Amino acid sequence: MWCSRMALRRLQQIAVTPLNMAGGLTSNMQREMSTLPRVYITRQIPPEGLKILSESGQVQFELWDSDDVPVPRKELLQKVKGVDGLVCVLTEKIDAELLDAAGPNLKVLSTMSVGFDHLSLEELKKRGIRVGYTPDVLTDSVAELTVALLLTTSRRLIEATHEAKTGGWGTWRTLWLCGHELAHSTVGILGLGRIGVAIAERLAPFKVKKFIYTDVAPRPELASVINAEYVSFDELAKQSDFLSVCCALTPETKEICNKDLFSKMKNTSIFINTSRGGVVNQEDLYEALSTGQIAGAGLDVTVPEPLPTSHPLFTLKNCVILPHIASASYYTRNNMSALAANNLLLGLRGEPMIKELKL
Ligand SMILES: O=C(O)[C@H](O)CO
């Protein structure tokens, strides 16, 4: 369910009552509320999560009342002062500066994301702060979008609709707007986890010939679900007709997709990234796409985000760029916000979270 704007406003009013509107309450109620743990939420998260927090009676919270612009850093540093819990999204850098500003009360951080490259894990660990995140609930949505992006890129759908709309559609032509098909292909997955498996499961009915993957080590349990073969990084590059990046961004995977990888790929291959932009060296990708070293790329993530409209990648017909929407279904985003809220509440109660990062 996606609440109307009015309903959302009402929820926010309920939610912020303890912190902002305490004047209308009896002094007893005020006293009781002021002892509740204080939480700051860095974004107007979907209603399911706000509902859980406001109905819990366990916390008093305040939120940045916008989904269109992130909370300015200066304001964030002010707002986190003395809080016990923090709910954030992937646009907020949670680093030493922010944790120092929050101070020693902060016990729990809950991010509404599966990715955690915006969090300084070392600093969190040092301070004994527990961290919740939101894997699993977004797997289906991300896998679905990855398949959509892959097909859009390989079958050149954006170019095709553009041609149809702008008069480029002449007579039926034998090789015009031809692309590459999944049937009989080898699909490579860089970083096999839940999402990689879910992508492969969706691609298999397209008559993919073979799934291959690479990771820091073989993952036989996951691989057996999709009958995928473990190969080296080089073999992944050489054999893949479609290469889908599913690994997390870490110091080890930063720009791992660079000219070395692209130079080993076939010139008929399609590169897809729905993980993090930082995994790719974008200059090298531009070079590979513009020289025909690879056939196309579909990106849901870039560096920076948003990618400036003047960026060279936008000039390429064989590059499809989406604005980081892989998990953007109403169902999934609500589930993510609910999981983030529940992780926070459990963490503040000192109980195991539903999904907690091991630091
Ligand atoms: O990390 C995540 O959760 C995705 O990139 C956005 O849903």
Side-chain angles (χ1 to χ4, degrees), residues 2 41-50 64 67-71 86-95 109-121 124 131-150 189-199 202 244-257 272-280 282 297-307 320-344 353-359:
W2 189 252
I41 307 176
T42 68
R43 188 66 71 97
Q44 188 185 87
I45 59 169
E48 291 295 320
L50 289 179
W64 173 248
D67 193 22
D68 297 333
V69 277
V71 54
L86 184 60
V87 178
C88 72
V89 295
L90 51 82
T91 48
E92 274 72 61
K93 225 178 161 30
I94 308 298
D95 55 10
L109 169 73
S110 178
T111 181
M112 193 188 121
S113 64
V114 65
F116 44 84
D117 47 289
H118 55 301
L119 314 179
S120 178
L121 299 183
L124 285 154
V131 179
Y133 71 138
T134 61
D136 297 340
V137 291
L138 46 57
T139 299
D140 288 334
S141 177
V142 172
E144 189 173 292
L145 189 282
T146 305
V147 172
L149 178 58
L150 185 150
I189 297 165
L190 175 54
L192 188 67
R194 300 165 291 257
I195 291 176
V197 169
I199 292 168
R202 282 158 178 78
S244 181
V245 181
C246 300
C247 61
L249 173 61
T250 63
E252 290 75 36
T253 61
K254 190 168 191 295
E255 299 196 1
I256 194 173
C257 301
I272 301 294
N273 186 11
T274 49
S275 110
R276 283 291 182 267
V279 169
V280 178
Q282 287 176 178
L299 312 174
D300 182 48
V301 284
T302 58
V303 176
E305 290 181 4
L307 192 67
V320 176
I321 300 174
L322 302 178
H324 202 150
I325 55 163
S327 66
S329 74
Y330 293 126
Y331 180 82
T332 289
R333 289 286 169 85
N334 265 303
N335 281 341
M336 288 168 72
S337 79
L339 179 53
N342 282 320
N343 279 340
L344 177 94
M353 296 183 193
I354 301 168
K355 294 290 171 187
E356 182 163 353
L357 267 179
K358 285 192 182 46
L359 299 182

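Start at 1 and go down the list; that is how both ligands and their atoms are numbered. Values in this document were obtained by computation on a predicted structure and should not be read as measured data. All heavy atoms count here, side chains included; hydrogens, waters and symmetry mates do not.
- Near S113, with a cut-off below 4.0 Å to any heavy atom, the atoms of ligand 1 are 1 (O), 2 (C), 3 (O).
- Within the 4.0 Å heavy-atom criterion, neither part of V142 lies near ligand 1.
- The ligand atoms of ligand 1 that sit less than 4.0 angstrom from a heavy atom of H324 are 4 (C), 5 (O), 6 (C).
- Contacts between T134 and ligand 1, counted as non-hydrogen atom pairs separated by less than 4.0 Å, are absent for every part of the residue.
- Counting only distance, with no hydrogens or angles, the side chain of T253 and the backbone of V279 share no donor-acceptor pair below 3.5 Å.
- Checked against a 3.5 angstrom limit, the closest N/O atoms of M112 and ligand 1 fall outside it.
- The shortest side-chain heavy-atom distance between C246 and L192 does not fall under the 4.5 Å cut-off.
- The distance from ligand 1 to the heavy atoms of M336 drops below 4.0 Å at these ligand atoms: 3 (O), 7 (O).
- Closest protein heavy atom to atom 3 (O) of ligand 1: V114 N, 2.7 Å.
- In terms of modelled atom types and a separation under 3.5 Å, the side chain of D300 and the main chain of A326 share a donor-acceptor contact.
- For the pair L121 and L357, the tightest heavy-atom approach, listed with the atom from each and the gap, is CD2-CD1, 4.1 Å.
- Residue L138 approaches ligand 1 through these ligand atoms, each under 4.0 Å from one of its heavy atoms: 3 (O), 7 (O).
- Remark: of the listed residues V114, T134, L339, L339 is the sole one forming a side-chain contact (heavy atoms from CB on, under 4.5 Å) with K355.
- With hydrogens and angles disregarded, no donor-acceptor distance shorter than 3.5 Å links the side chain of T332 to the backbone of L138.
- The nearest protein atom to atom 1 (O) of ligand 1, hydrogens excluded, is given as R276 NH2, 2.6 Å; this is a heavy-atom distance.
- More than 12 non-hydrogen atoms from other residues, nucleotides or ligands lie less than 6.0 angstrom from CD of E356.
- Only the side chain of S327 comes within 4.0 Å of ligand 1, counting heavy atoms alone; its backbone N, CA, C and O stay farther away.
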